[in-house]
Asks: 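Shown below is the structure under consideration.
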Amino acid sequence: MEKEVSLYKLIYNKIVNRILIGMYPKGFQLSSMEKIRDEFGIGLTSIRRAMRLLQEDGFLQMEERKRPVVIFDPTDERCLSVRRRLFLSHYRSNLDCYQAIPYIVPGLVLHGATKATPQLLDDLHLFLQTKSPKDLTVRSDLLNLAYDWMEMVIHQRSNGLADDLFVQIHGFDELRFVEMPSRPLVKGEAEMTLETLRHWTALLSAQAYEELHFWISMFCKQAMCEIEHSFAPLAELEELNQVRQVDFRWYIHQTPMPLYHKIAYELVRNIHFSRIHPGDLLPSETILMKQYGVSIVTIRSSLAFLNTLHLTQTMNGIGTVYAAGKPENTDIAEYLLDCCNSIDIMASCAQSIAAAAAEHYSMAQLYDFELELEENRESNDIVEWMLAQFVKTLGIQSLETVVDQLEVRYLFGLYLSGILTSENWDTRKKEIYEQAKHSIQLWKYQGKEAFAAKFGEISREWAKELCREISQLPGFTR
């Protein structure tokens, strides 16, 4: 399970970041606590704690019956020092995120591109017509322009998880633009970027998705390499060694999930990977308390949640067993939608991840991987297993975190859907396993590119078929 971050700390960090980059200037009145609660989906207790901490640290002034007011002055020397320290504290995590972007963003764009409409194409043409080379003066302008184009395409899919993820990728490093002003453009760079976006639009219009995916991958790799290169001098700074590095992650949802929900999702994933069968006992409450480091109340809330959904059944004097039941009189549409959206994103990113991971395998390691594939042939989802192995191979923490969050949502919805007990599931498992074996043979005899293309195709077909079957469940529309 991903490392837990206190909800009040999440709010504190978001507001501090907005103050430091100038989004909330001195004298700015924040929304009422009730509106902040609605925006972030977090209880008032956590919000009040965050506000008290912001006041103690000199960012806000709080008065009875009045909205919080920003008192931090961005021109003050202390502000500059705080902003610099915060920027440096994210040095390592930002570099890790830059490495992940070429494996996520092209997939998100491909995900939206397949649903492009004539209206989207008209909007993209109009968007580019309104942009002039004179409006683009520094390097960051080019990246933001490309991101704006991508956002329009990604949004076409109406996948809330993809939209949320891309918004965070677009804006996670705002302080970089303040602390490391972008260099001016040289002659012709602005015109070349606009022409590149016109070419992307033409590829989208021609439904040349593979070629579009390739060029966006190349763009992301080049852009991230340039950013990493600009970070290189920071590694030599003595002040970097004096700042404690902090963890940072992208969240699939902008609003955090309650802890007892996270543990419930994790328990379902353990059922999946441990191959627990209906009627098998789950670990005891005492073991779960130690495993997750939480109170008995939180564990019982998690189990009660799963009991309500008929995935488990708790019996006095015995414990909790995996029931594999179907929810009755419970609206599970939200979980099924999360499941489908998660599958789609993972499948769209699979080809890029597989292509990069394949570069790390020697021929001996490939044969070992083939043996592991054989050992896991009875897995309920061989595609998901392969993708997880490739992500681990790359060793990019932010990518692992994103795929981890997608995986738990996918598995939770999959188990709720009841598809695993359907007559077709065993047949589908065998078919996918044979396709996976074939992709490994392509790797051996036709090369890594042929393998990655085939794995991407298998992943997209796997996602399409699963989403089609889930969409046919009673009461669920996508």
Asks: Under the ring-ring contact (aromatic ring centres under 6.0 Å, His included) test against Trp462, which residue among Trp385, Tyr410, Tyr433 passes?
Replies: Tyr410

Asks: With a cut-off of 3.5 Å and sequence neighbours excluded, list every side-chain donor-acceptor pair involving residues 97-106.
Replies:
from, atom 1, to, atom 2, distance (Å)
Tyr98, OH, Asp173, OD2, 2.6
Tyr98, OH, Arg176, NE, 3.1

Asks: If you compare all heavy atoms of Glu151 against all heavy atoms of Val167, which two are closest, and at what distance to 0.1 Å?
Replies: OE2-CG2, 4.1 Å

Asks: Kindly compute the distance separating CG (Leu53) from CD1 (Ile15), expressed to the nearest 0.5 Å.
Replies: 10.5 Å

Asks: Is Arg269 paired with Glu384 through a side-chain N to carboxylate O contact shorter than 4.0 Å?
Replies: no

Asks: Please name the pair of heavy atoms, one in Arg244 and one in Ser89, separated by the smallest distance, quoted to 0.1 Å.
Replies: O-CB, 3.4 Å

Asks: For residues Ser459 and Val383, report the shortest heavy-atom separation together with the two atoms involved.
Replies: OG-CG1, 3.6 Å

Asks: Less than 3.5 Å apart, any donor N or O on the side chain of Tyr415 or His272 sitting next to an acceptor on the other?
Replies: yes

Asks: Between Arg428 and Glu431, does at least one N-O distance fall below 4.0 Å, as a salt bridge requires?
Replies: no

Asks: So, are Glu400 and Lys392 salt-bridged, with charged N and O less than 4.0 Å apart?
Replies: no

Asks: For residues Ile216 and Val109, report the shortest heavy-atom separation together with the two atoms involved.
Replies: CD1-CG1, 3.3 Å

Asks: Can any side-chain N or O of Glu359 pair as donor or acceptor with the backbone N or O of Ala356 at less than 3.5 Å?
Replies: no

Asks: Testing the basics here: between Leu373 and Ile440, what is the closest heavy-atom pair and its distance to 0.1 Å?
Replies: CD2-CG1, 4.0 Å

Asks: Please work out which of the three classes, parallel, tilted or perpendicular, describes the rings of Trp250 and Phe172, given edges at 30° and 60°.
Replies: perpendicular

Asks: Which value, rounded to the nearest 0.5 Å, describes the distance between Gln291 atom CD and Ser284 atom OG?
Replies: 10.0 Å

Asks: Between Glu461 and Arg468, does any side-chain N to carboxylate O distance fall below 4.0 Å?
Replies: no

Asks: Phe166 vs His170 aromatic rings, parallel, tilted or perpendicular, using cut-offs 30° and 60°?
Replies: tilted

Asks: According to the interplanar angle, ranging from 0 to 90°, do the rings of Phe231 and Tyr91 count as parallel (below 30°), tilted (30 to 60°) or perpendicular (above 60°)?
Replies: parallel

Asks: Any chance you could lay out the salt bridge (Lys or Arg N to Asp or Glu O under 4.0 Å) test for Glu434 and Lys429, step after step, and finish with the verdict?
Replies: CA-CA 9 Å; Glu434 291 302 324; Lys429 279 200 311 184; over 6 Å; no

Asks: Consider only side-chain N and O atoms of Arg157 and Thr114, and report whether a donor and an acceptor are under 3.5 Å apart.
Replies: yes

Asks: Please report the closest heavy-atom contact between Ala162 and Ile345, naming both atoms and the distance.
Replies: N-CD1, 3.6 Å

Asks: Could you tell me the separation between the CD atom of Gln405 and the OH atom of Tyr265, rounded to the nearest 0.5 Å?
Replies: 11.5 Å

Asks: Nearest 0.5 Å, please: how far is OG1 in Thr320 from CG in Leu303?
Replies: 4.5 Å

Asks: Report the C-alpha separation of Glu370 and Lys444 in whole Å, then their side-chain angles, then the decisive distance to 0.1 Å, and conclude whether the salt bridge (Lys or Arg N to Asp or Glu O under 4.0 Å) test is met.
Replies: CA-CA 11 Å; Glu370 190 174 21; Lys444 287 180 180 177; 2.7 Å; yes

Asks: Any salt bridge between Glu239 and Arg85, counting N to O under 4.0 Å?
Replies: no

Asks: Return the orientation label for the Phe390 and Phe451 ring planes: parallel under 30°, perpendicular over 60°, tilted otherwise.
Replies: perpendicular

Asks: Please confirm whether the ring centroid of Phe305 lies under 6.0 Å from the ring centroid of His261.
Replies: yes

